[in-house]
Amino acid sequence: MEEENLESTIMGLILSSGEAKSLAVEAIRAAKSGQFDEAENKLKLAQESLLTAHKSQTALLRQEAQGEGFAVSLLIVHSQDHLMTSITFVDLAKEIVELHRKF
């Protein structure tokens, strides 16, 4: 993968992860207001963003598995951290929305 493509893939991973986390926050806020359909929609969109981010991550992993390694940069580390945090946050948001629905 060329340097420009690598950077684009990494930035896509960061952007999609960030979008997923933002949508999860919106889902929690909607649930707090009793707007459960809106909350569910936001969670669905968050999952779609995570899927997009995961596809970017898979492209990086595939490249490395094929022996086309690249230097590990702070940007790559940041992208992975951002993805893992977003996955955890979306999972937690699902639970929070459910709790609001029960109460």
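Keep in mind it's a predicted model, so treat the numbers as computed, not measured.
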Say you draw a straight line from [atom1] of [X] to [atom2] of [Y]; how long is it, rounded to the nearest 0.5 Å?
X	Y	atom1	atom2	value
K21	L92	NZ	CG	11.0 Å
I87	M84	CD1	CE	4.0 Å
L43	I28	CG	CD1	8.0 Å
L45	S22	CG	OG	12.0 Å
S16	M11	OG	CE	11.0 Å
Q80	L61	CD	CG	6.5 Å

Heavy atoms of other groups near [X] [atom1], more than 12 under 6.0 Å:
X	atom1	result
E48	CD	yes
E4	CD	no
L74	CG	no

Locate the shortest heavy-atom distance separating [X] from [Y]; write the atom from each residue and the value.
X	Y	answer
S49	E19	OG-OE1, 2.9 Å
F36	V97	CE2-O, 4.1 Å
T9	S56	CG2-O, 3.5 Å
A30	A39	CB-N, 3.8 Å
L23	A46	CD1-N, 3.7 Å
H82	I14	CD2-O, 3.2 Å

Please write out which residues are connected to V77 in a hydrophobic cluster, directly or through intermediates, given that two of Ile, Leu, Val, Met, Phe, Trp, Tyr count as joined at side-chain heavy-atom separations below 4.5 angstrom.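 V77 shares its hydrophobic cluster with V72.
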Given side-chain contact (heavy atoms from CB on, under 4.5 Å), test I76 with L13 step by step and report yes or no. CA-CA 9 Å; I76 291 172; L13 201 161; over 6 Å; no
Any side-chain heavy-atom pair of T52 and L15 under 4.5 Å: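 Heavy-atom side-chain distance check fails, nothing below 4.5 Å.
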Is R29 salt-bridged to E26, cutoff N-O under 4.0 Å?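 No, R29 and E26 are not salt-bridged.
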SB check K44 E40 (cutoff 4.0 Å):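 No, this pair does not count.
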Check whether L50 and F89 end up in the same hydrophobic cluster, where Ile, Leu, Val, Met, Phe, Trp and Tyr are linked by side-chain heavy atoms less than 4.5 Å apart.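 No: no chain of side-chain contacts under 4.5 Å links L50 to F89.
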Less than 3.5 Å apart, any donor N or O on the side chain of Q35 or K42 sitting next to an acceptor on the other?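 No.
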